[in-house]
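Here the structure is laid out as structure tokens; the discussion comes afterwards.
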Amino acid sequence: MKNSLLALSLAMSSAFVVGPVFGAAIVYSGSGADPASITAVRDSFRVDIGGGTVAGANGSFGGLRREINWDGVPDALASPNNLPANFFNANSPRGVVFSTPGSGFQVSANAIAPPIEFGNFNATYPAIFQTFSAQRLFAAVGSNIVDVNFFIPGTALADSTSAFASIFTDVDLADSTTIEFFSGANSLGLYSAPVANNGLSFLGVRFNAGERITRVRITSGNAALGPNDGAGVDVVAMDDFIYAEVAVPEPSTLLLLAAALLSFGVTRRRG
């Protein structure tokens with residue numbers, strides 16, 4: 001009986017893990033064959049950030065978190081065309097701007113304008129990639145690295161967040177797909193997405209002791225879009241991004257505001 005319970009526990013933990021806690025970092029990790037297998041860990045991450053389940057303008061949930069699922073990207077900016085790096089800060093202001101060592105970014109075409117799931121790069125990809133929220137995926141072009149920089153939505157003012165997660169498709173090799181979190185030039189840690197061959201993986205990290213994330217670096221597999229997947233080549237694409245609301249005043253701003261209010265109160269009493 002004890003062995004059966006242990007086996008069940010291990011099986012559950014491989015599919016849906018919240019934790020462990022490293023200092024102030026809470027890790028959310030899960031993988032499986034289909035969207036249902038990672039929905040629970042995705043929902044746990046959502047609940048802990050807050051914001052409810054109904055999206056408002058520009059992917060904002062209750063002013064507490066934002067989400068990007070790529071499906072609102074117009075066909076004219078989807079494969080084979082590149083997506084502007086600032087699309088989700090200018091066209092649809094969600095406070096993120098992308099950069100890459102590669103040549104740009106693409107969002108996969110939909111069924112109205114195929115080939116879907118980056119079949120324009122390799123005809124085998126639709127057979128190995130699947131989507132969490134149908135039907136578009138996201139990837140860099142000419143690189144497997146994407147940096148996500150945070151801004152007050154719709155502005156050029158750099159800002160920060162406290163939590164970020166991504167969904168990946170077809171992670172074949174352990175530690176090939178990672179997210180590194182930065183606060184300025186300082187790394188807050190490097191975390192690996194779980195393996196899900198031809199399936200879906202979820203990786204999210206939430207910092208709850210005042211740390212602020214100014215940038216995340218996502219490494220998707222060990223190769224950019226193009227070659228066949230397999231034989232040591234791990235080609236990975238991304239689906240949904242979920243992150244805590246970025247429009248949060250910096251501590252220095254709050255201190256200046258408090259000082260101004262205090263000064264105003266003293267002046268009023270003297271008057």
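No experiment lies behind these values; they were computed from the predicted model shown.
Looking at heavy atoms from C-beta onward, Arg217 lies out of side-chain contact with Phe181 at the 4.5 angstrom threshold. No side-chain heavy atom of Ile26 sits under 4.5 Å from any side-chain heavy atom of Phe207. At a threshold of 4.5 Å between non-hydrogen side-chain atoms, the residues Asp170 and Val235 do not count as touching. Between Arg206 and Asp48 there is a side-chain heavy-atom pair separated by less than 4.5 Å. Side-chain contact between Val216 and Glu180 is absent, with no heavy-atom pair separated by less than 4.5 Å. Phe105 has its side chain within reach of Thr100: a pair of non-hydrogen atoms, C-beta onward, lies under 4.5 Å apart. Residues Val195 and Ser201 have side chains not in contact (no heavy-atom distance under 4.5 Å, counting atoms from C-beta outward). In this structure the side chain of Val236 reaches within 4.5 angstrom of the side chain of Asp234, judged on heavy atoms.
For Asp240 and Arg46, the salt-bridge test fails: no basic side-chain N is under 4.0 Å from an acidic carboxylate O. Between Arg136 and Asp71 there is no salt bridge, since no side-chain N of the basic residue sits under 4.0 Å from a carboxylate O of the acidic one.
Atom OG of Ser31 and atom CD1 of Ile38 lie 8.5 Å apart (nearest 0.5 Å). Residue Glu245 holds its CD atom at 8.5 Å from CG of Asp159, rounded to the nearest 0.5 Å. Note that CD1 of Ile242 and CD1 of Ile68 are 10.5 Å apart. Values are rounded to the nearest 0.5 Å. Atoms CG and CD1, from Leu157 and Ile152 in turn, are 5.0 Å apart once rounded to the nearest 0.5 Å.
Considering all non-hydrogen atoms of both residues, Gln130 and Asp34 come closest at OE1-CA, 3.8 Å. Contact between Gly221 and Asn144 at its shortest, heavy atoms only, is O-ND2, 2.8 Å. The heavy-atom pair separating Trp70 from Leu83 by the smallest distance is CZ3-CD2, 4.4 Å. Minimum interatomic distance between Ala196 and Gly32 (heavy atoms only, all atoms of both residues): CB-O, 3.9 Å. Heavy atoms only, all atoms of each residue included: Leu188 and Tyr191 are closest at O-OH, 3.7 Å. Nearest heavy atoms, Ser162 versus Ile213: C-CD1, 3.6 Å.
Following chains of ILVMFWY side-chain contacts shorter than 4.5 Å, one cannot reach Phe138 starting from Leu225, and the two form parts of different hydrophobic clusters. No continuous path of hydrophobic side-chain contacts links Phe164 to Phe61 [ILVMFWY only; heavy atoms under 4.5 Å]. A single hydrophobic cluster is not seen to contain both Ile116 and Phe121; linkage of ILVMFWY side chains at heavy-atom distances under 4.5 Å, directly or through other members, places them apart. Cluster membership check: Val146 does not share its hydrophobic cluster with Phe118, using side-chain heavy-atom separations under 4.5 Å among Ile, Leu, Val, Met, Phe, Trp and Tyr. Both Ile49 and Phe132 sit in one connected hydrophobic cluster of ILVMFWY residues. Membership requires side-chain heavy atoms under 4.5 Å apart, directly or through other members.
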Using the side-chain hydrogen bond (donor to acceptor under 3.5 Å, both in side chains) rule, take Asn122 and Thr124 through it: C-alpha gap first, then chi angles, then the decisive distance, then the call.
-> CA-CA 5 Å; Asn122 188 310; Thr124 67; 2.7 Å; yes
Could you walk me through whether Glu211 and Ser183 pass the side-chain hydrogen bond (donor to acceptor under 3.5 Å, both in side chains) check?
-> CA-CA 8 Å; Glu211 300 90 344; Ser183 180; over 6 Å; no
Would Phe98 and Phe87 satisfy ring pair (Phe, Tyr, Trp, His ring centres under 6.0 Å), going step by step from the backbone distance to the final call?
-> CA-CA 9 Å; Phe98 307 127; Phe87 180 88; 9.4 Å; no
side-chain hydrogen bond (donor to acceptor under 3.5 Å, both in side chains) assessment of Gln106 paired with Ser79 = CA-CA 6 Å; Gln106 284 194 20; Ser79 290; 2.5 Å; yes
I would like to know whether Thr131 and Glu117 meet side chain to side chain contact (heavy atoms under 4.5 Å, CB included); could you show each step before the answer?
-> CA-CA 8 Å; Thr131 60; Glu117 295 164 357; 3.9 Å; yes
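In this structure a side-chain-to-backbone donor-acceptor pair under 3.5 Å is present from Arg66 to Pro93. For the pair Arg212 (side chain) and Ser160 (backbone), a donor-acceptor distance under 3.5 Å is present. Under the 3.5 Å distance criterion, the side-chain polar atoms of Asn222 are left unmatched by any main-chain donor or acceptor of Val233. With hydrogens and angles ignored, the 3.5 Å screen pairs no side-chain donor or acceptor of Thr219 with any backbone N or O of Ile145. A donor-acceptor contact shorter than 3.5 Å links the side chain of Ser108 to the backbone of Leu137. Between the side chain of Ser220 and the backbone N or O of Ala237, no donor-acceptor pair lies under 3.5 Å. Of the possible polar contacts, one joining the Thr161 side chain to the Ala244 backbone as a donor-acceptor pair under 3.5 Å is found. Checking side-chain atoms of Arg94 against main-chain N and O of Glu67 turns up a donor-acceptor pair under 3.5 Å. Panel note: side chain Asn82, backbone Gly104; no donor-acceptor pair is recorded below 3.5 Å. The backbone N or O of Ser133 sits less than 3.5 Å from a side-chain atom of Asp239, completing a donor-acceptor pair.
For the ring-ring contact (aromatic ring centres under 6.0 Å, His included) condition, the pairs that include at least one residue of residues 33-58, sequence neighbours left out, are Tyr28-Phe45, Phe45-Phe202.
Checked against Leu77 for a side-chain contact (heavy atoms from CB on, under 4.5 Å), the options Val73, Asp75, Asn81 give a single hit: Val73. Under the side-chain contact (heavy atoms from CB on, under 4.5 Å) rule, Leu203 has a single partner from Thr177, Ile218, Val27, Val171, which is Val27.
In this structure, Tyr125 and Phe129 have tilted ring planes: the angle between them lies in the 30° to 60° band.
The distance between the ring centers of Phe241 and Phe88 does not fall below 6.0 angstrom.
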